[in-house]
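Here is the structure we will look at.
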Number of protein chains: 2
Amino acid sequence: MRVKIVDVAREANVSVATVSRVVNNIPLVNEETKERVLEAIKKTGYKPNAIARSLKIQKTNTMGIMIPDITNPYYTEIVRGAEDVCGIYHYNIILSNTDFDPEKEKKSLNVLVEKQCDGIIYVGKDLSAEMQAELIDAPSEVVLGCIPDDSGFLSGVLINNEAAAYELATELIKMGHKKFMLFFDELEEGYIYQERKKGFIKAFDENNIQFDDSRILREKLSLSGGYSMMEEAINSGVDFTCVFCFNDQTALGAIRCAEEMGKKIPEDISICGFNNFWIAEWTRPQITTVAQPMYDIGAIAMRMLIKLCEKDGDRTVKNVYVPHEVHIRGSVAKIDS
Amino acid sequence: MRVKIVDVAREANVSVATVSRVVNNIPLVNEETKERVLEAIKKTGYKPNAIARSLKIQKTNTMGIMIPDITNPYYTEIVRGAEDVCGIYHYNIILSNTDFDPEKEKKSLNVLVEKQCDGIIYVGKDLSAEMQAELIDAPSEVVLGCIPDDSGFLSGVLINNEAAAYELATELIKMGHKKFMLFFDELEEGYIYQERKKGFIKAFDENNIQFDDSRILREKLSLSGGYSMMEEAINSGVDFTCVFCFNDQTALGAIRCAEEMGKKIPEDISICGFNNFWIAEWTRPQITTVAQPMYDIGAIAMRMLIKLCEKDGDRTVKNVYVPHEVHIRGSVAKIDS
DNA sequence: CTGAAAGCGCTTACAG
DNA sequence: CTGAAAGCGCTTACAG
């Protein structure tokens, strides 16, 4: 049997109220009784029951984090940032992998709400109308990661994907590239997809390059997905000198496939990723990419969430755009136009 | 105000007991009243308060997982395996990064216990006597990941590190190597370190190769740690043809440094990692390593933990050794002896 | 400064 | 089949 507050009260010859006061460091306790209680706590090995406490004070000090897949290094970093901030403010994280599956997301949200999470961070590449409604409705506070909420009810932390894609494309165009392929997600629509596509189109337009949907390939955004998209691209006979991959894993897979098919990277094909995952500088060739401050996204989102959960915290709804950065590395090269 | 059980009781004209029964799917409820309650639940949008429930039934259906750093791909996979199993059995995970810091570990354990986690998975490279005592003492159930408990009180899931190191070393010796360097952890002692060292020594002994502590370098086990150990190794002028790194990140860092210093990998130096992280086949050269089934370690540990948390579950204490596998890849080569 | 008592939102013997 | 009531382990007005 775990020892409870009444046991230490008995031991210290005081009421449970008094024990509670010293446990919670409420001042008005006589120094001497406090000592006595502290001793009783040590002697009995008492540990407060946070569940009981939560029920009473209506606050759990636990946050939920819904993330597609913690195994994706991009999301891993976000979780780490969030967890570190949690630690500082004495919160804990319940982690939930959603795999971009709307059913899982719903179930997950439901459980997090039932477990009375003070707040929830929702990370994804898109916010469906349904999820948006559920999140706005949820009794827990909510902050979005990587996506914005257009309703004005939810705050979010993200990069400007359109600008990022635009800048990346512009760099490659400056290097002489005109014929592009895009290795995108299976998922047809989605906020991030749309934004980046806008960015690419803008850059293309400004340089009188035709944006052609047939130059978009779709697959799982993974090493093997990138590999097979490259295989398809080369086999298709389409003429291209540069490919934009939706993330770095995909880019690396594409690089490996191209090499195996006898292409030199970057001499024959320039390949770009996105996100700047932790290993991007350590591959050969190094991966040209757009860095996102993933850790900061998690950390900032969690800070905002905690503010929402504390009285007198800042409740301004806003989208925080964190800086991105284009890194030109060995996987791309200038070409003669 | 969140709607509570009494609200739906009122709405359905029944007692809270009845509502509770239908929510928990307890049979003895009249079909008709059940319908009425279900409707009231839908109408009011009632969601049970899991905290209140937990307090009453003395079970939270949440598990704690203490892991050094979720950002390390090795640990990431373990967490994913654990979380997936949790999902199946309707548990949730509270994630806690401990960074190999005994203070953080203690605090973390404490919080997990206070939050009444039904069970806790402790993952690390070593189990200090102090931690061991605390874990055995903890009112939550505990299963270890990657390390065993020699007291016979705690179950664990892990590979046989000694055998793994032995097999890896034997392979390299067969390839003609005799002069080794070892790139190990800053942390001097520790279970996994000791086991692997034993394995290396055994292989060396069997082949009349002297094991010399001066051939062990110590640094952070990271890309840059590997890089700087290789720098030091080469600059030291010590003669070696093969290096064993404690993990794959370290190996990759070492490979990059060696290349930059004009060495050809694997022709001039053979380099091995450990763990077979997800990208090991996609680097160039590909990394020779020992695969651990990380996902399974997490999944099996969680299964065992859940059994411990359910009545009539299997309470046998045991260490489950999962299979490892040596993968010889492009980062190593035969040499003429 | 301290304690008695109500109440947080549930579940579950117990009685009917 | 259903309900009244006790109790899970805390916190916190309220009274003294």
Side-chain angles (χ1 to χ4, degrees), chain A residues 1-38 40-41 44-62 110-111 113-118 139-140 311, chain B residues 1-38 40-41 44-62 110-111 113-118 139-140 311:
Chain A
M1 209 52 219
R2 300 200 189 199
V3 8
K4 30 201 173 170
I5 201 170
V6 49
D7 299 318
V8 354
R10 197 178 304 122
E11 179 70 31
N13 246 307
V14 294
S15 72
V16 295
T18 301
V19 176
S20 172
R21 287 191 190 102
V22 351
V23 167
N24 291 295
N25 244 313
I26 293 167
L28 350 150
V29 185
N30 180 310
E31 224 12 80
E32 194 196 324
T33 33
K34 187 171 171 181
E35 285 308 316
R36 200 141 36 88
V37 170
L38 254 15
I41 287 175
T44 56
Y46 171 67
K47 302 214 162 132
N49 181 325
I51 295 294
R53 176 163 210 273
S54 290
L55 178 58
K56 179 62 192 171
I57 69 172
Q58 303 283 73
K59 188 163 188 321
T60 55
N61 274 49
T62 110
N110 210 38
V111 174
V113 165
E114 290 191 356
K115 290 207 171 171
Q116 315 295 113
C117 286
D118 296 335
S140 306
K311 314 184 190 308
Chain B
M1 210 49 219
R2 302 200 189 199
V3 7
K4 32 201 172 170
I5 202 168
V6 50
D7 299 318
V8 355
R10 196 178 305 120
E11 179 71 30
N13 246 307
V14 294
S15 72
V16 295
T18 301
V19 177
S20 171
R21 287 190 190 103
V22 350
V23 167
N24 292 294
N25 243 311
I26 292 166
L28 349 151
V29 185
N30 181 309
E31 220 18 74
E32 194 196 324
T33 32
K34 187 171 170 182
E35 285 308 316
R36 199 141 37 87
V37 171
L38 253 17
I41 287 173
T44 55
Y46 170 68
K47 300 214 163 131
N49 181 324
I51 294 294
R53 175 161 211 274
S54 289
L55 178 58
K56 179 62 193 173
I57 69 172
Q58 304 281 75
K59 186 162 188 325
T60 55
N61 274 49
T62 111
N110 210 38
V111 175
V113 165
E114 290 189 357
K115 291 209 170 167
Q116 314 296 112
C117 286
D118 296 335
S140 306
K311 313 184 191 310

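Each chain gets a letter, A, B and so on, in the order the sequences are listed, and its residues count up from 1. All values below come from the heavy atoms of this structure, side chains included, with hydrogens, waters and symmetry mates left out.
- The same atom, C1', is picked in D:dT12 and in D:dG16; the two are 16 Å apart, to the nearest Å.
- Take the nearest nucleotide of DNA chain D for B:N13 and for B:K56: the residue whose nucleotide is more 5' is B:N13.
- In terms of heavy-atom proximity, A:S15 sits nearest to A:A9 at C-CB, 3.9 Å.
- Between A:K4 and A:D7 there is no salt bridge, since no side-chain N of the basic residue sits under 4.0 Å from a carboxylate O of the acidic one.
- A residue-by-residue look at A:R21 and A:I5 shows that A:I5 has its nearest nucleotide of DNA chain D further toward the 5' end.
- Across all strands, B:V14 comes closer than 4.0 Å only to sugar-phosphate atoms, never to a base (heavy-atom distances).
- The separation of C:dA6 from C:dT2, taken at their P atoms, amounts to 23 Å, rounded to a whole angstrom.
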Could you go step by step and tell me if A:T60 and A:K115 meet the side chain to side chain contact (heavy atoms under 4.5 Å, CB included) rule? CA-CA 8 Å; A:T60 55; A:K115 290 207 171 171; over 6 Å; no
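- Atom CG in A:N49 sits about 5 Å away from atom P in D:dC10, given to the nearest Å.
- A pairwise comparison of heavy atoms in B:T44 and B:V3 identifies O-CG1, 3.2 Å as the closest pair.
- Scanning both residues, A:V29 and A:I26, for their nearest heavy atoms gives CG2-O, 3.5 Å.
- The pairing partner recorded for D:dA4 is none, the criterion being a Watson-Crick or G-U wobble arrangement whose two distances lie under 3.5 angstrom.
- The residue B:T18 sits close only to the backbone: its heavy atoms come under 4.0 Å of sugar-phosphate atoms, none of a base.
- Here C:dT11 presents its P atom at 13 Å from CD of B:Q58, a figure rounded to the nearest Å.
- Nearest-nucleotide positions on DNA chain C for B:N24 and A:V16 put A:V16 closer to the 5' end.
- The distance between atom CG of A:N30 and atom C1' of C:dG3, rounded to the nearest whole Å, is 14 Å.
- B:Q116 has no side-chain polar atom (N or O) that falls below the 4.0 Å cut-off from OP1 or OP2 of D:dG9.
- Under the Watson-Crick or G-U wobble criterion, with both distances below 3.5 Å, C:dA13 is left unpaired in every strand shown.
- The separation between A:D7 atom CG and D:dG9 atom C1' is 11 Å, rounded to whole Å.
- Look at NZ on B:K59: it is 16 Å from P on D:dG9, rounded to the nearest Å.
- Between the CG atom of B:L55 and the C1' atom of C:dC10 there is a distance of 8 Å, rounded to whole Å.
- Residue A:R53 contributes atom CZ, which lies 17 Å from atom C1' of C:dG9 at whole-angstrom precision.
- Within the 4.0 angstrom heavy-atom criterion, base atoms lie near A:L28.
- As a whole-Å value, the separation of A:I26 CD1 from D:dA13 C1' is 12 Å.
- OP1 and OP2 of C:dC8 both lie 4.0 Å or more from every side-chain N or O belonging to A:S54.
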